[in-house]
Structure formats: C-alpha cells, structure tokens
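Heads up: the structure comes next, in structure tokens.
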2 protein chains.
Amino acid sequence: MDEQLKHQIEKLVPITDDEFAFIRSHFIVKNFKKGELLIQQGEGVEYLYYVVSGLLKLIYNDESAKEYIVSFAMEDWWESDFQAYYTQTKATMSLQCIEDADVLCLSLEDYKKLCEGSQKIQRFFLEKSIAGHIASQQRILSFITSNAAERYEQLLKRYPQLVQRVPKSLLASYLGVSRETLSRLSS
Amino acid sequence: MDEQLKHQIEKLVPITDDEFAFIRSHFIVKNFKKGELLIQQGEGVEYLYYVVSGLLKLIYNDESAKEYIVSFAMEDWWESDFQAYYTQTKATMSLQCIEDADVLCLSLEDYKKLCEGSQKIQRFFLEKSIAGHIASQQRILSFITSNAAERYEQLLKRYPQLVQRVPKSLLASYLGVSRETLSRLSS
DNA sequence: TGTAAATAGTGATATTTATCACGCGACTAA
DNA sequence: TTAGTCGCGTGATAAATATCACTATTTACA
C-alpha cells in the first residue's frame with residue numbers, strides 16, 4: 001500500500017524515503033465495503049481519498065433521487081467532492097463504494113500542512129490537478145462533439161478496464177444516456 | 001494591467017511588491033485583434049495566456065472543419081491548450097480572439113522558473129487549477145443531468161456577462177446543441 | 001439452497017434534437 | 001451606395017434518444 005502511493009508520487013516527482021515517510025504520516029487508512037458511502041450528499045467532506053484498491057463512484061442525486069455518475073475512481077485515483085472539501089462546505093455529491101476498497105485519507109488540515117511542509121508534494125498535487133483538468137476538458141469535448149455511440153466507443157478505448165468492472169447501467173449514466181439506449185448501441 | 005494581475009493573484013495568495021515584480025518579469029505582453037489566432041490546432045503551443053481584456057474562444061475543429069467551443073476566456077481567465085502546453089506537443093485545439101484582447105503570456109520555461117522561484121505562485125496555480133477542475137466537473141454534470149434548455153438556463157445564471165458579449169451560435173456550440181435548437185429555446 | 005434483487009435486452013411510442021432550407025435585418029468593407 | 005457576410009429566427013422533416021413496459025438471466029446473500 002505504501003509502495004503504491006510512493007510509486008504514484010514518483011511518477012511525477014522523485015522523492016527520498018524520508019520525504020515519503022513525512023508525506024505518508026499525514027494519511028490514514030480506511031476500508032470500505034461495497035455500497036458504503038465515503039461522502040454523503042448534504043453532509044461535510046472530511047477527506048480527500050487516494051484509492052489503493054477497489055472502485056468508487058462519485059454520484060449526484062437530483063430532487064427525484066435519480067442518480068448521475070460524475071466520475072469513477074479506481075486504483076491510483078484521487079477523489080473527493082473537491083468543491084466541498086476545499087471550501088469545507090456541504091457535499092453536493094456522494095462518493096460510494098462499488099467494489100470493496102482500501103483507501104488512504106487526507107484531511108484538509110493535513111493537506112495544508114503537507115503542502116507547506118513539502119514543496120514536492122505541492123508540485124505533485126499541482127500536476128495531478130492539471131491532469132484532472134485536462135481529462136475533464138476531454139470529456140466535455142466528447143459531449144459536445146459526439147453522439148452516444150461515439151462517446152461509448154471513446155470510453156471503451158480510454159478505460160477498457162473500467163467497462164469490464166462496472167454494470168452498463170452505470171456506464172450509461174456516466175455517458176449521459178439512458179441504459180436502454182446504451183444497450184441498443186452494442187447491437 | 002499589472003495591477004490587474006497582482007489583484008488576481010492576491011485574491012488567493014497575498015504577495016509583496018517585490019514578489020510581484022519577480023512574477024511579472026516572467027510575462028510578456030501581447031495584443032490580438034478580433035479573429036487572430038493565439039494557438040493554432042496542429043502547431044506548437046508557446047504560451048499560457050492571462051486575459052487582461054477582451055475575449056477569446058478555445059475551439060476544436062473536427063475533420064469536416066466543423067467548430068466546437070471547448071471554452072471561452074474573458075478578463076482574468078487563464079487559457080491555453082493545456083495538454084499541448086505542458087507536454088510541449090502539437091495543439092489539438094485553437095485559441096482565437098473574438099474581441100480585441102490584451103494578454104500576458106507565460107512560456108513553459110518561464111512557468112517552471114516561476115514555480116521554482118516562488119512557492120506562492122505555485123500555490124496560486126494549484127488553486128487556480130483546482131478551481132478549473134471543479135468548474136469543468138460542474139459543466140460535465142450539466143451535460144449528464146440536463147437537456148438543452150436547462151443547460152442554457154444554467155449558463156445564463158453562471159455567466160450572464162458572457163451571454164451579452166457572444167453570438168448565440170457560439171453559445172450553442174459551447175452548450176453542445178445546434179444554433180437552431182438554441183434559438184427555439186428562447187421562445 | 002432458495003429467493004429477491006440486480007442486470008441486461010427489447011418492443012412500442014413519445015419527446016428531443018439535428019438537419020436542411022429559407023428569409024430578414026444589421027453591419028461592413030470596397 | 002451596394003454587395004456580401006453575419007446573426008438570428010423559423011418551418012418541415014429526419015434522426016437520435018428517452019420513457020414505459022415487460023421478460024429473461026444472473027448474482028447476491030440470508
């Protein structure tokens with residue numbers, strides 16, 4: 001678990017063992033079972049999560065309780081309701097476990113200490129955030145330029161592992177189409 | 001112009017005059033007329049841009065040269081083809097001026113020097129990047145949960161200034177609908 | 001192991017949106 | 001001034017997608 005986080009960081013920023021020990025000391029470990037909520041819409045957001053293993057979904061429930069998938073989070077992904085986390089306001093989304101998961105949790109307080117204490121981890125978060133922004137923009141472009149069939153193709157190409165692990169109804173929600181329409185695309 | 005940049009930074013991170021002078025020295029000023037290209041799809045991306053005045057559009061052209069609006073950039077916005085800028089690869093999008101604009105330009109080399117030389121500006125970029133990521137996620141949510149009419153409403157609420165300055169055909173492209181459909185919504 | 005829930009497919013139909021075609025007024029540059 | 005482009009609206013029609021209803025199969029778990 002520790003090795004995984006260290007490796008994840010070192011993909012972007014080389015660090016010494018001491019630096020890693022400092023970084024690691026700010027996280028706590030948690031385990032969630034399928035169906036459990038890490039973040040609940042309407043409540044506070046305590047942590048930013050790093051997924052060690054398992055699979056999560058970031059979802060939004062509208063007034064009629066209909067569920068929309070904003071994002072998935074698999075191994076090595078960082079996830080939270082960022083808006084609520086950084087501003088310490090109530091969550092507008094929920095984060096739910098869809099495969100038993102081990103995660104590392106970072107409170108906002110520890111996040112700030114960490115960034116102050118380590119220029120390198122701050123740079124890591126900056127690069128991660130930029131990568132996230134670029135990925136979001138790609139997904140927006142997909143919505144603007146492509147129909148359901150094309151978006152599904154792009155998803156298959158981009159996250160082939162995900163498609164194996166997630167029911168199609170969730171993929172449909174992620175793509176912004178009804179599950180029936182997605183079902184008919186395959187044929 | 002300098003005051004504007006300084007104010008923009010200080011919204012997130014307080015800085016001294018000396019620190020600002022150091023930051024400012026890494027930017028160069030450019031001016032663009034309506035229609036001019038700051039970034040051209042297929043070519044290199046020299047700069048990250050800070051918009052002092054005017055209005056830009058970040059666009060993607062598909063094979064049939066159809067144009068899609070990925071983003072607008074007005075006063076105080078930071079814009080580029082981030083993917084191409086950070087990885088120094090060819091642009092997959094174009095950045096075009098739609099109202100005469102004054103911009104401050106930051107090369108990748110200067111960006112890196114700046115981040116190394118100033119912890120504060122790095123934190124500024126981190127916070128800006130996070131904000132951008134959150135905004136993108138909101139827009140994605142809008143695509144997943146809402147139809148054209150609702151997305152237009154949300155745009156009106158979020159960027160009322162923009163709607164005044166931009167032809168509806170461009171707004172339609174930004175919203176991912178045809179101009180005809182957008183036109184019919186108003187009625 | 002048995003039962004309920006979850007997943008997936010599909011037909012029928014309604015709704016939304018795209019596309020093509022056209023007209024009109026405003027602005028612009030020769 | 002005048003032709004040309006641009007922005008915008010709108011009708012007719014086609015295509016894409018949503019919705020509702022039902023079934024079959026698989027999966028989870030008590």
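Below, chain A is the first sequence line, B the second, and so on; all start at residue 1.
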_Listing request: all salt bridge (charged side-chain N to carboxylate O under 4.0 Å, His left out) pairs with a residue in residues 31-55 of chain B, at least two apart in sequence or in separate chains._
B:Lys33-B:Asp100

*Atom CD of B:Gln164 and atom P of D:dC8: how far apart are they, to the nearest Å?*
11 Å

*With sequence neighbours excluded, tell me which residues meet ring pair (Phe, Tyr, Trp, His ring centres under 6.0 Å) with A:Phe22.*
A:His26

*Value in whole Å for how far the P atom of C:dT7 lies from CD of A:Glu67*: 10 Å

_Pairs touching residues 117-127 of chain A that satisfy salt bridge (charged side-chain N to carboxylate O under 4.0 Å, His left out), sequence neighbours left out_ = A:Glu19-A:Lys120, A:Arg123-A:Glu127

*salt bridge (charged side-chain N to carboxylate O under 4.0 Å, His left out): which pairs involve residues 137-164 of chain A, sequence neighbours left out?*
none

*Quick one: what's the B/S/- string for nucleotides 14-20 of chain C, heavy-atom cutoff under 4.0 Å, read 5' to 3'?*
---SBBB

_Return whichever of B:Ser169 or A:Lys34 has its heavy-atom-nearest nucleotide of DNA chain D closer to the 5' end._
B:Ser169

_Tell me every residue that passes ring pair (Phe, Tyr, Trp, His ring centres under 6.0 Å) with B:Tyr60, counting only those two or more places apart in sequence or in another chain._
none

*Is A:Leu170 reachable from A:Leu95 through a run of I, L, V, M, F, W or Y residues, each pair having side-chain heavy atoms under 4.5 Å apart?*
no

*Rounded to the nearest angstrom, tell me the gap between atom NZ in A:Lys168 and atom C1' in C:dT10.*
14 Å

_Within residues 102-116 of chain B or reaching into it, pairs that qualify as side-chain hydrogen bond (donor to acceptor under 3.5 Å, both in side chains) - sequence neighbours excluded_ = B:Asn31-B:Asp102, B:Ser53-B:Asp102, B:Ser107-B:Asp110

*asked:* B:Phe20: which residues meet the ring pair (Phe, Tyr, Trp, His ring centres under 6.0 Å) condition with it, sequence neighbours left out?
replied: none

*asked:* Tell me the bend of the helix from C:dT1-D:dA30 to C:dA30-D:dT1 as the angle between end helix axes, each from five pairs, rounded to the nearest 10 degrees.
replied: 50°

*Starting at CZ of A:Phe143 and ending at C1' of D:dT17, how long is that distance when rounded to a whole Å?*
14 Å

*Write down the distance between OH (A:Tyr152) and P (C:dA8), rounded to a whole number of angstrom.*
9 Å

